[in-house]
Amino acid sequence: MADPDWMGRSPESWYWSDDSQAIFYKQKQLGTPLRDLFSQSISGGEAKQVALADLHKVANRNAVENQAGTKQVYVYEGNVFVKTLASGEVKQLTYTSAVESAAMFLNNGNVAYRVANKFFEHDVRENKITELASLKLQNAPKSNKESSYIAKEQNKLIGYIALQQKNERLKKERKEQLKAANATLTQTEFYLGKDKQVVHASLSPNGDKMLVSIADKKSSRADSDIMPNYITDNAHIKAEKVRARVANNRQYSQELYLLDLTSGQKFALSYDTLPGFDQDVLASVKKENYARDGKTYQSKRTPRNIHVMSMWDPIKWHPDGKQVAVMLEAWDNKDRWLATVNLLENKLENQHRLHDDAWINWSFNEFGWLNDRLYYLSEESGYSHLYTKALKSKAKKLTKGAFEVSDITLTKDNSQFIVRANKKHPGIYEIYQINARTGEMTALTDLGGMNDYALSPDGTKLLIEHSEVTMPPELYVQSLAADKPAKRLTYTVSEQFLSMPWIAPTVVAVPSSYQDAPVYSRVYLPENYDQTQEKNRAVMFSHGAGYLQNAHLGWSGYFREFMFHSMLVQQGYVVIDMDYRASKGYGRDWRTAIYRHMGKPEVQDMRDGVEWLIDNANVDRRRIGTYGGSYGGFLTLMALFTEPDLFESGSALRLVSDWAYYNHGYTSNILNTPGDDAIAYERSSPIYFAEGLEKPLLINAPMVDDNVFFQDTVRLVQRLIELEKQDFETAIYPVEPHGFVQPSSWLNEYRRIYKLFENTL
């Protein structure tokens, strides 16, 4: 499990060919981090490696088509290319050291692209380039004429000064007249202010308007936000710059502007048309924290910090270029708005507000245009479902039920949506088709396990990445027209891997003592586990990320742990891997159950898992250990510190010991910020409960972890020393980031974990 290359190196970054008759995918080279691109015909035969000299011809995974569907435009290695689909001819438009991006077709047939903060239109027929907009991050130029008393007197008394000012004015006026009268010159500058940065900029398909969001350039990083790197190529300690901590992250907002590229006008779009834009959504939280300190909190309405949502493509223009939609969110992440811009009145119009007293999910925010309606995902029912909405009407819900819909593709005729959903079982993801008018939902696949997809360019086939519990991902193709099973295209898994005696876990619904829904869990059972005279040993693994699903029926990203668990089971251990509350795949309430108190609901679920093992897997209550990394390391600490009778030992890897030291984007969603909600941080951070440690603890800590800082381990260890705790050990990994890279480090870490369990269980 230390070095997984021998497994076979599954296909990555896969996509369709233009003619829908072949696929492309990347595969890691044996023994190096490099990837090669391969082409595979869907009719069969061996995959062929694409030569480096030809990569630009097929690097159109994210290409954009013109309205007629006859050409594609895309960017490869910072240059713009246009492909004629009928002939396959590829034409390179730019040959520069600048980095071109955001290539698109305009409705007039020309190509537009971006270079830094300049936007260009490229007339392919005449090979003429026109600058559409230049976003200037500076204040608009002002006249040099001073308005003070002495400046005015100077102008009166000294003729030279008056003459210089007059000449300057004449030159400026002549320049403006020349731009207005001479079509060969451009007037494209838009001044957005000094010390600002462009966050989003989206050009209309007509090339006449642009939606831009800007924010202060000031960083929230402090000078102390560094990470020492002790092992470097020059043998000197290097202070790496790292992200700010949630405890000192500043609040921010973005200014949103509509730019008229034809008239040169700039219109500020106010957020005050959004419902709840000035609501005090943290009033009850602040009241509780104030009361603890003997103070009284007075709630009042004030504009919230709002910005364009941090997601892929949060601004979407209608194909006709006459309407635009944008996804906005509040800095406190209690609200998400889908809004359109009234291009006649230059104002935002709310189309949908999603409010959550806990936090808005960073998933399930997809949206787009369906003719003159919008479609979008929303968790308002408790699960992610698909909605459509005419701009002046109420929304229509197309899907419903206790399952999650995601990964939307709208067919070219706008009649059907293709989606991914776990409708059959929380841990099985199949591909479905949804009628855009009626909402009728039809299963397109019945493969079981985990499935992701890409619809072919001709709309007749699915390219599917399919995996199962003991089978890494492979690629399949399935026709939408014929009732035929999916056809496997790739065979990258090695014979050596297939020959290994892997233990296939069973997904079990463990009854919960705290809510109606069960806790879905992967359970690995040894042979004759219920017939042994001596009760079994057991290990509980807790997955990382918090919001992640691991008790599914596909191949796990924790494939190393899968191998380790197979080894443990072969030696008589029972292993359980729980999707505790906060995990992905089970709806909004499951996700937000940890709001303002991380570590309590999850440990409650872990106790239910322990009881299930005792009652159903012939496990000895006094011979159960636990381990996990990142969020799983945090849960290991919380379990050992707050429920010392639950496990006999535990290993916490790349652990969080104090949430005030973690990042803003993740932590503030769940615990708000320390300034507003110190109560939540103190009852959710293991360092405050370290006195509860009674059982052996192994801490495994990478030192160049720019996700969970090594400082979390250092502070916790010092706390344990001061508490005079003796039964803990710390293993450090000097060259490792959050996710280990060196096979020797993986091997060392898991040998230590194995030794802990062998010695204590």
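All values derive from a computational prediction rather than experimental measurement.
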Check whether the side chains of [X] and [Y] place a donor and an acceptor atom closer than 3.5 Å, and report yes or no.
X: N672; Y: K286; answer: no
X: N346; Y: Q265; answer: no
X: Q298; Y: Y290; answer: no

Would you mind reporting whether [Y] and [X] have side-chain heavy atoms less than 4.5 Å apart?
X: L93; Y: V82; answer: yes
X: D676; Y: N289; answer: no
X: W331; Y: R304; answer: no

Handout entry: Salt-bridge criterion met for D18 and K83 (N-O under 4.0 Å)
Key =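 Looking at D18 and K83, the cut-off is met.
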Practice task
Would you mind checking if D280 and K300 are paired as a salt bridge, meaning a charged N to carboxylate O distance below 4.0 Å?
Solution key: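 Salt bridge: no.
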Practice task
State yes or no: are the ring centers of F277 and Y271 separated by less than 6.0 Å?
Solution key: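 No, ring centres 6.0 Å or more apart.
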Practice task
Flag the pair F367 / H352 as yes when their ring centroid distance falls below 6.0 Å, and as no otherwise.
Solution key: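 No, the ring centres sit 6.0 Å or more apart.
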Problem - Taking every non-hydrogen atom, the tightest pair across N365 and M311 - result: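 Between these two residues, the closest heavy atoms are O-CE, 3.3 Å.
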Handout entry: Nearest-0.5 Å distance, NZ of residue K209 to CG of residue L258
Key =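 Reported to 0.5 Å precision, the distance equals 6.5 Å.
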Practice task
Drop me the distance from L410's CG to W369's CH2, to the nearest 0.5 angstrom.
Solution key: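 So the gap between those two atoms works out to 13.0 Å.
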Handout entry: ring-ring contact (aromatic ring centres under 6.0 Å, His included) assessment of F417 paired with Y375
Key = CA-CA 10 Å; F417 293 103; Y375 67 83; 5.1 Å; yes
Practice task
Kindly write out the residues that satisfy salt bridge (Lys or Arg N to Asp or Glu O under 4.0 Å) with K394, not counting sequence neighbours, or none if the list is empty.
Solution key: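 Salt bridge (Lys or Arg N to Asp or Glu O under 4.0 Å) list for K394, sorted by chain: empty.
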